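All remarks here apply to the structure that follows.
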There are 2 protein chains.
Amino acid sequence: MGLNDRKMQVLQAIVDDYVNTNEPVGSKALIERHKFPVSSATLRNDMAELERMGLIEKPHTSAGRIPSDRGYREYVDSLMKIDQLSASERDEISRKIDECLDEAGDLLKNASSILSEATGMVSLVMTPRLAGSSLLQLKLLMIEPGKALVVMVLSAGVVKDKVVRIPNFLTPDQLKEISDSVEKSLNGKPLDEITLITLATSVKETQIPDSILNQVLYETYTAIKQADRLDVFLEGEHNMLKLPDFSELRRAQNLLGTLSHDGMVAGYVNEIEKEKTGGDDTYMIRIGQEIALEGLEDCSFITTTYKVGDTISGNIGVIGPKRMDYSKVISQIDFVRYKINEKIKKING
Amino acid sequence: MGLNDRKMQVLQAIVDDYVNTNEPVGSKALIERHKFPVSSATLRNDMAELERMGLIEKPHTSAGRIPSDRGYREYVDSLMKIDQLSASERDEISRKIDECLDEAGDLLKNASSILSEATGMVSLVMTPRLAGSSLLQLKLLMIEPGKALVVMVLSAGVVKDKVVRIPNFLTPDQLKEISDSVEKSLNGKPLDEITLITLATSVKETQIPDSILNQVLYETYTAIKQADRLDVFLEGEHNMLKLPDFSELRRAQNLLGTLSHDGMVAGYVNEIEKEKTGGDDTYMIRIGQEIALEGLEDCSFITTTYKVGDTISGNIGVIGPKRMDYSKVISQIDFVRYKINEKIKKING
DNA sequence: ATTAGCACTCAAACCCTCTGAGTGCCAAAT
DNA sequence: ATTTGGCACTCAGAGGGTTTGAGTGCTAAT
């Protein structure tokens, strides 16, 4: 069945109209809004066929049709064409991104706000996955007796640090000794290959008593393990209340209840990004029932990847009602992603 | 008019009942639920009087009465008595706080979740105000050519840092020279008294060219200025949708729309905390119209202070419908505050 | 394969009535 | 002076019936 098949044009028209109006689309309305060179009765036949194929459905007998999940899927896979953002929309986004501080955290948080505002839906920005990146430098810095700062430099110039407690009587020199040994032995190691044992065997030939050494190494280890923590910025939940799709209180409750578990959402996005087959600049789209998270049956996820250097990447995307303008949203995400990539390059020099 | 005045008892009963049932309280219901030794007609007279005093009001002619903002105010100021949390509630909170990592950020974020879950409303936790605290140490650390880490140790052992860009050809020795001078001259200075000029005059007698020096100092300055940034954790917005008070979509939209500007909310709390007259362990309560933020007319704020060391403090509190169990919520906040104070002491050793 | 025509369906809007909790007020009782 | 019983009045909300109209499927003709 080709794209020019009239039935497919009808599906496309139904999706477009339904996205615009949020009302089930009937054969008559379809004829009026799109210039099909056939009568409404013919369209009714086509629609009956589309329904048999499982691409559209009726909310009730005497209503028009709405796309089913599979209908939306067909639409995004084969029918939709992505168009450019208007110059003014691009300028708006550019301006706001440019206003961000030269700092990854601030940039990502703001990017999330920008995206949720632009789309009128919920935006999702995740900090880069660092588990696979390597430790280039590690320094232990005495802050005051009993307290040290672990500074880690990872691939692509990402810096993480954490304050840890150390034995009170440890001297700066002793700390430096440990720091240097650890750094030497861990240098270049991927974060997720570093274990407590790697660490324990990294310091040899020292006068520092084992018990003290072990405490410091343990604290260092927790710092390393925490370095790859994934943060997630979910913004614009309140936007969803404005959408007619969630005007029923129950739906809205469900939705926001699920979205409040941002860690769960992030974990899920992480999962599906792993399954992704295309390159980094492709899109993961999950529609309705395809989303394996309770409470998001009426939503769609669209996510993609931004890059920090060559190897490190994070995710950015949108969660909205499945009745959304997929093409528009994708171009919005795409432009924000582009701006983030650019700005990160600038920050990291 | 004393507390034992029957009219005040009636007000108290009305608030209690209305908080419990979310239904306007009539004279008959009042007689049934509370053993007033008078007839309903008498209570009607009292209620008419309370209405004249502006403490209660009628949603419409043929309904019972609900407390007005001033009625709630009278209630919290004079009538309410705070009771202890049950042992199981205390244990629940204790357990969850104990599970937090030994790290301020994690603690505060989790405290916010815990509080919102316990109260079923929106919790608000703000990171400590650092503007008034002093800079005890400042170090510039070379990370790689062109990139340095500014590490600041503030009063009460709070550590902040930031990655900054520096000229590519600056050597670690030069950086250390600058770092040492700056530290010497800023040592002990309150953060908010440090200006770019203070910094510029802190480094003397150096071979480093002015233009390079100035760039480093400027970056250091921005790091210092960012150190006192106030973060805010607002959690549990979705809880509000479950409350009958916000079952009208319009109200819910308004509320969540306003709460999405967390910076604005934080700023407002900051304001009102400044006006506070009592000690740190007292409560700021703002009811309905008393809140100068659009969209929160049907809410109340309850906030108080937690401490980091002797001088530094942050805020913790709850935003809920003004029809809330004030006494219960206050004891919940109080216990969470107590646990935070304890845990912070432990973290900072 | 397409179309005109027609009987049928059903959610949503509309209107009307009824119900009952609650009120204010008055005159009698304490 | 305060309290009480009694009574007429109010009005939001629930319940029920009707109407409307967009939309459908099917059939017979083109």
Side-chain angles (χ1 to χ4, degrees), chain A residues 1-2 4-11 13-15 17-18 20-68 71 244-245 247-249 251, chain B residues 1-2 4-11 13-14 17-18 20-68 71 244-245 247-249:
Chain A
M1 169 181 328
N4 288 326
D5 192 308
R6 192 187 54 227
K7 279 198 261 315
M8 286 301 117
Q9 289 176 27
V10 171
L11 174 58
I14 290 175
V15 174
D17 280 12
Y18 184 59
N20 277 328
T21 64
N22 189 33
E23 259 158 39
V25 186
S27 54
K28 208 175 149 199
L30 218 42
I31 286 282
E32 267 168 30
R33 282 192 285 251
H34 309 264
K35 341 210 148 164
F36 285 103
V38 293
S39 77
S40 64
T42 309
L43 292 191
R44 277 204 289 286
N45 292 332
D46 288 347
M47 288 160 84
E49 177 69 12
L50 285 168
E51 185 167 0
R52 236 166 287 132
M53 294 162 67
L55 297 175
I56 59 179
E57 53 199 28
K58 287 192 284 235
H60 56 82
T61 329
S62 70
R65 304 304 215 292
I66 62 174
S68 67
D245 309 71
S247 62
E248 279 167 68
L249 199 58
R251 275 178 208 271
Chain B
M1 170 183 325
N4 289 327
D5 192 308
R6 191 185 57 227
K7 279 199 263 312
M8 285 302 116
Q9 289 175 26
V10 171
L11 174 59
I14 290 174
D17 280 11
Y18 184 59
N20 277 329
T21 65
N22 189 33
E23 260 159 39
V25 185
S27 52
K28 208 175 149 200
L30 219 42
I31 286 282
E32 267 167 33
R33 281 192 287 251
H34 308 262
K35 342 210 148 165
F36 284 104
V38 292
S39 78
S40 65
T42 307
L43 291 191
R44 277 204 289 284
N45 291 333
D46 288 346
M47 288 160 84
E49 177 68 13
L50 284 168
E51 186 168 1
R52 237 167 287 132
M53 293 161 69
L55 298 175
I56 60 180
E57 54 199 26
K58 289 191 283 236
H60 56 82
T61 328
S62 70
R65 305 302 214 294
I66 62 174
S68 66
D245 309 73
S247 62
E248 279 167 68
L249 199 59

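The sequence lines fix the lettering, A, B, ..., with proteins before strands; numbering per chain opens at 1. Note that the structure is a prediction, hence the values are computed from the model and not measured. Side chains are part of it too, since the values below use all heavy atoms of this structure and drop only hydrogens, waters and symmetry mates.
With C:dT3, D:dT3, D:dG25 as the choices, the nucleotide that has an atom nearest any side-chain atom of A:Ser39 turns out to be C:dT3. Closest approach to the A:Ser62 side chain among D:dG21, C:dC25, C:dG5 is made by D:dG21 (side chain taken as heavy atoms from C-beta onward). Closest contact between the side chain of A:Ala41 and the listed nucleotides D:dT3, C:dT3, C:dG24 involves C:dT3. Of the candidates D:dG6, C:dA11, D:dT24, C:dA11 carries the atom nearest the A:His60 side chain, counting heavy atoms from C-beta on. Closest to the A:Met47 side chain, of the nucleotides D:dG25, D:dT24, D:dT3, is D:dT24. Comparing D:dT3, C:dG24, C:dG5 by their closest approach to the side chain of B:Arg6 singles out D:dT3. Closest to the side chain of B:Lys58, from the set C:dT23, C:dT9, C:dT3, is C:dT23.
The shortest distance between the side-chain N/O atoms of A:Thr42 and the OP1/OP2 oxygens of C:dT3 is below 4.0 Å. Distances shown here put a side-chain N or O of B:Arg65 below 4.0 Å from the OP1 or OP2 atom of C:dG24.
Salt-bridge formation is detected for the pair A:Arg65/A:Glu51: a Lys NZ or Arg NE/NH1/NH2 atom is positioned less than 4.0 Å from an Asp or Glu carboxylate oxygen. One finds no salt bridge joining A:Arg251 and A:Asp245 here, because no Lys/Arg side-chain nitrogen approaches an Asp/Glu carboxylate oxygen to under 4.0 Å.
The line from CG of B:Leu50 to CE of B:Met8 is 5.5 Å long, rounded to the nearest 0.5 Å.
A pairwise comparison of heavy atoms in B:Ile31 and B:Ser39 identifies CD1-C, 3.8 Å as the closest pair.
Counting non-hydrogen atoms under 4.0 angstrom, A:Thr61 reaches the backbone sugars and phosphates but no base. Looking at heavy-atom distances under 4.0 Å, A:Ser40 makes no contact with the nucleic acid at all.
Note: CD1 (B:Ile31) to P (C:dT23) measures 12 Å, nearest angstrom. The distance between atom CG of B:Leu43 and atom P of C:dG22, rounded to the nearest whole Å, is 13 Å. The separation between A:Glu57 atom CD and D:dG23 atom P is 17 Å, rounded to whole Å.
The base of D:dG6 lies close enough to the side chain of B:Arg44 for a donor and an acceptor atom to sit less than 3.5 Å apart.
Looking only at side-chain heavy atoms (C-beta outward), A:Leu43 and A:Lys28 stay at 4.5 Å or farther from each other.
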